[in-house]
Amino acid sequence: ESLAVARTAAMQEEENISLYATASASSIWQSNAYDYPDITDRPASNAYPKFAIDGNLSTEWISQMHNTLDDPSTWPKWDPEPTLTLNWDTDATISRFVIYERHNNAWPADTSNVDQVDYTFKDRNGEVLKTGTVDSFVADSPDGVEVILPEPGKEVASAELKIVYEDVKNDHNVGLGFREVEMYGVLEEEVLPEPEVKITPELGGTIVDGGLKWEYFDDRIWNRTYDD
């Protein structure tokens, strides 16, 4: 059998494997009104993509879609395709997922509501495995939308969730994002071969240190012929 890394589905029970992913995003909400894609050094500390997979519905990822008190035509340029991407170190099998959009009871009606999300699962080579659309979000609802896949996605290395919105600047679309994304399935576990044990020096060899010469004696071999 090859000593290459072997992968076995050691985790048999499904769980929220988003907790083991690394999250990245096409943009992050800026502390001030800057044009997209100016996202290099001014992201808001409470808007990072990692907050969409931390298991906490009180935190959130927010995309770069800023408004001001002026007319919408003067608002800064928005992220045209706000996308959250999850990456796993080992391949995953995913059977269902739940998306929680941003929601706050204090907001005016129809503010920051996600209407549609297009999802894409890819393998480790970047090949598309599965695509689909989620459009069953309920406006102003704090509940998540669950998607049960007819056939599980297998050997998934990444999942992309792209928010689709009308290309019109208004309060309905400001700061679109997710409070939480839960991907349910199993991760394959990496099983590494045991390293080859190498003894230095070899049996019968010598070690020279500070003018002293030591002969190597392997006690393991001695004890094969004698009881301890």
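The figures here come from the full heavy-atom set of this structure, side chains too, leaving out hydrogens, waters and symmetry mates. When a residue number appears, it is its place in the shown sequence, counting from 1.
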Test side-chain contact (heavy atoms from CB on, under 4.5 Å) applied to Val174 and Trp78, step by step:
CA-CA 9 Å; Val174 170; Trp78 285 0; 4.0 Å; yes

Rounded distance [0.5 Å steps], CG in Leu161 versus OG in Ser26
11.0 Å

For Glu81, the salt bridge (charged side-chain N to carboxylate O under 4.0 Å, His left out) test, sequence neighbours excluded, returns Lys162

Under 3.5 Å: donor-acceptor pair, side chain of Ser141, backbone of Asp143:
yes

Mark yes or no for whether Ser18, through its side chain, and Val181, through its backbone, hold a donor-acceptor pair below 3.5 Å.
yes

Taking side-chain contact (heavy atoms from CB on, under 4.5 Å) as the test, write out the residues that go with Ala139, two or more places apart.
Asp110, Asn113

Qualifying ring pair (Phe, Tyr, Trp, His ring centres under 6.0 Å) pairs with a residue from residues 154-181, counting only residues at least two apart or across chains:
Trp61-Phe178

Looking at Trp107 and Thr111, what are the two nearest heavy atoms and their distance?
CE3-O, 3.6 Å

Which residues satisfy the side-chain hydrogen bond (donor to acceptor under 3.5 Å, both in side chains) test with Glu180, sequence neighbours excluded?
none

Backbone of Tyr34 reached by a side-chain donor or acceptor of Gln64 within 3.5 Å:
yes

May I ask you to test the Ile94-Trp88 pair for a side-chain heavy-atom distance under 4.5 Å?
yes

Nonpolar side-chain network containing Tyr184, other nodes, edges under 4.5 Å
Leu57, Val98, Tyr100

To the nearest 0.5 Å, tell me how far Asp115 CG sits from Ser136 OG.
11.5 Å

Those residues at least two apart in sequence (or on a different chain) that pass salt bridge (charged side-chain N to carboxylate O under 4.0 Å, His left out) with Lys169 are none

Could you give the distance from OG (Ser27) to CD1 (Ile62), rounded to the nearest 0.5 Å?
10.5 Å

Lys154 atom NZ, over 12 foreign heavy atoms within 6.0 Å
no

Would you say His66 and Trp75 make side-chain contact, with heavy atoms under 4.5 Å?
no

So, for Pro76 and Thr68, which heavy atoms are closest and what is the spacing to 0.1 Å?
CD-CG2, 4.3 Å

Considering only heavy atoms from C-beta outward, does the side chain of Pro142 approach that of Arg179 to under 4.5 Å?
yes

Who pairs with Gln116 by side-chain hydrogen bond (donor to acceptor under 3.5 Å, both in side chains), at least two apart in sequence or on another chain?
Asp118

Atom OG in Ser95, atom CE in Met183: separation rounded to 0.5 Å?
11.0 Å

How long is the straight-line distance from CG of Asp79 back to CG of Asp35, given to the nearest 0.5 Å?
12.5 Å

Residue pair Tyr36 / Pro80, side-chain heavy-atom distance below 4.5 Å
yes

Considering all heavy atoms of both residues, which atom of Leu187 and which atom of Thr90 are nearest to each other, and what is their separation?
CD2-O, 3.8 Å

Which residues pass the salt bridge (charged side-chain N to carboxylate O under 4.0 Å, His left out) test with Glu160, not counting sequence neighbours?
Lys122

Examine Tyr119 and Leu129 and state if one hydrophobic cluster contains both, with Ile, Leu, Val, Met, Phe, Trp and Tyr joined whenever side-chain heavy atoms are less than 4.5 Å apart.
yes

Joint hydrophobic cluster, Val147 plus Val164, side-chain heavy atoms closer than 4.5 Å:
no

With sequence neighbours left out, write down each residue that passes side-chain hydrogen bond (donor to acceptor under 3.5 Å, both in side chains) with Arg102, or none if nothing qualifies.
Glu60

Show the nearest heavy-atom pair for residues Asn87 and Ser24, with the distance to one decimal.
ND2-OG, 4.4 Å

Just jot down the side-chain hydrogen bond (donor to acceptor under 3.5 Å, both in side chains) partners of Ser45, sequence neighbours excluded, or say none.
none

Looking at CD of Glu155 and OG1 of Thr93, how far apart are the two atoms once the value is rounded to the nearest 0.5 Å?
8.0 Å

Is a side-chain N or O of Ser63 found less than 3.5 angstrom from the main chain of Leu176, in a donor-acceptor match?
yes

Residues forming a side-chain contact (heavy atoms from CB on, under 4.5 Å) with Thr59, sequence neighbours excluded
Phe51, Asp54, Asn56

Phe97 side chain near Leu149 side chain, heavy-atom distance below 4.5 Å:
yes

Return the minimal non-hydrogen interatomic distance between Asn125 and Asp123, and the atom names on each side.
N-OD1, 2.9 Å

For the student: nearest non-hydrogen atoms of Glu101 and Ser112, plus distance:
OE1-O, 3.2 Å

Listed by chain and number, what are the side-chain contact (heavy atoms from CB on, under 4.5 Å) partners of Asp167, not counting sequence neighbours?
none

